[in-house]
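Some notes on the structure that comes next.
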Amino acid sequence: MCTQTKAAALMANIPQAEIDPSGVFKYVLIRVHSKEHGDDSEVDIVRGFAWAEFHADIYDKVSEELEEGGLLDCECVGGGRIRHEPQNKKIHVYGYSLGFGRANHAVSTEKLKVRYPDYEVTWDNEGY
């Protein structure tokens, strides 16, 4: 018998990474938790968009959407920048967020590799 909670089912369908198709932009690493009693499941997701003036703009929009049904809770565990070069099939993750601190870029790159399996995805802690 399957005992997966509604929240866990929702989390299983959240894309691990969503970023703009090209350019240099801010990104956040968000940890999504279940709010259901007895369910300690969680998933980390990457979101990065050029429209965001601040890292918090991305977090606020994404967390509002995910928390809407009342089953999920979000926390931003850090941020940085992404350079996405689709013509070269390269993504580079670097830097930090003044408001949220530095994301674990190693975790972020693993999420991006799932979304972009034919890309060279790299990271370092240099830059802003």
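- Nearest heavy-atom pair across Trp51 and Ile58 is CH2-CA, 3.9 Å.
- Looking at heavy atoms from C-beta onward, Val93 lies out of side-chain contact with Val46 at the 4.5 angstrom threshold.
- The hydrophobic cluster containing Phe100 also contains Ile30, counting ILVMFWY residues as joined when their side-chain heavy atoms lie under 4.5 angstrom apart, directly or transitively.
- Separating the CG atom in Leu72 from the OG atom in Ser41 is a distance of 8.5 Å, to the nearest 0.5 Å.
- If you chain together hydrophobic residues whose side chains sit under 4.5 Å apart, Leu29 and Tyr116 fall into the same group.
- Using a 4.5 Å heavy-atom cutoff, the side chains of Ser34 and Met11 are in contact.
- A salt bridge is absent between Lys111 and Asp44: the closest approach of a Lys/Arg side-chain nitrogen to an acidic carboxylate oxygen does not fall below 4.0 angstrom.
- Listed by first and then second residue, the ring pair (Phe, Tyr, Trp, His ring centres under 6.0 Å) pairs involving residues 17-40 are Tyr27-His105 (not counting sequence neighbours).
- For Lys26 (side chain) and Glu53 (main-chain N/O), a donor-acceptor pair under 3.5 Å exists by modelled atom type.
- Residues Trp123 and Ile91 are members of one and the same hydrophobic cluster, defined by side-chain heavy-atom contacts under 4.5 angstrom among Ile, Leu, Val, Met, Phe, Trp and Tyr.
- The shortest non-hydrogen separation linking Thr5 to Glu36 is CB-OE2, 3.1 Å.
- Although no hydrogens or angles enter the test, the distance criterion places no donor-acceptor pair under 3.5 Å between the side chain of Asp39 and the main chain of Lys35.
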Only pairs under 3.5 Å count here: list side-chain donor-acceptor contacts from residues 77-84, not counting sequence neighbours, and write none if there are none.
from, atom 1, to, atom 2, distance (Å)
Arg81, NE, Tyr128, O, 2.7
Arg83, NE, Glu85, OE2, 2.9
His84, ND1, Asp20, O, 2.8
His84, ND1, Pro21, O, 3.2
His84, NE2, Tyr119, OH, 3.2

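- Counting heavy atoms from C-beta outward, His92 and Asp124 have side chains that approach closer than 4.5 Å.
- Residue Tyr94 forms a side-chain contact (heavy atoms from CB on, under 4.5 Å) with just one option from Asn125, Val24, Thr122, and that option is Val24.
- Using modelled atom types, one side-chain atom of Asp57 and one backbone atom of Phe54 make a donor-acceptor pair closer than 3.5 Å.
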Throw together a table of side-chain donor-acceptor distances under 3.5 angstrom for residues 64-71, partners on residues two or more places apart or in other chains.
from, atom 1, to, atom 2, distance (Å)
Glu65, OE2, Lys61, NZ, 2.6
Glu67, OE2, Cys74, N, 2.8

side-chain contact (heavy atoms from CB on, under 4.5 Å) between Val62 and Ile45, worked out: CA-CA 10 Å; Val62 173; Ile45 61 172; 4.2 Å; yes
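- Closest of all the heavy-atom pairs between Gln16 and Val114 is OE1-CG2, 3.9 Å.
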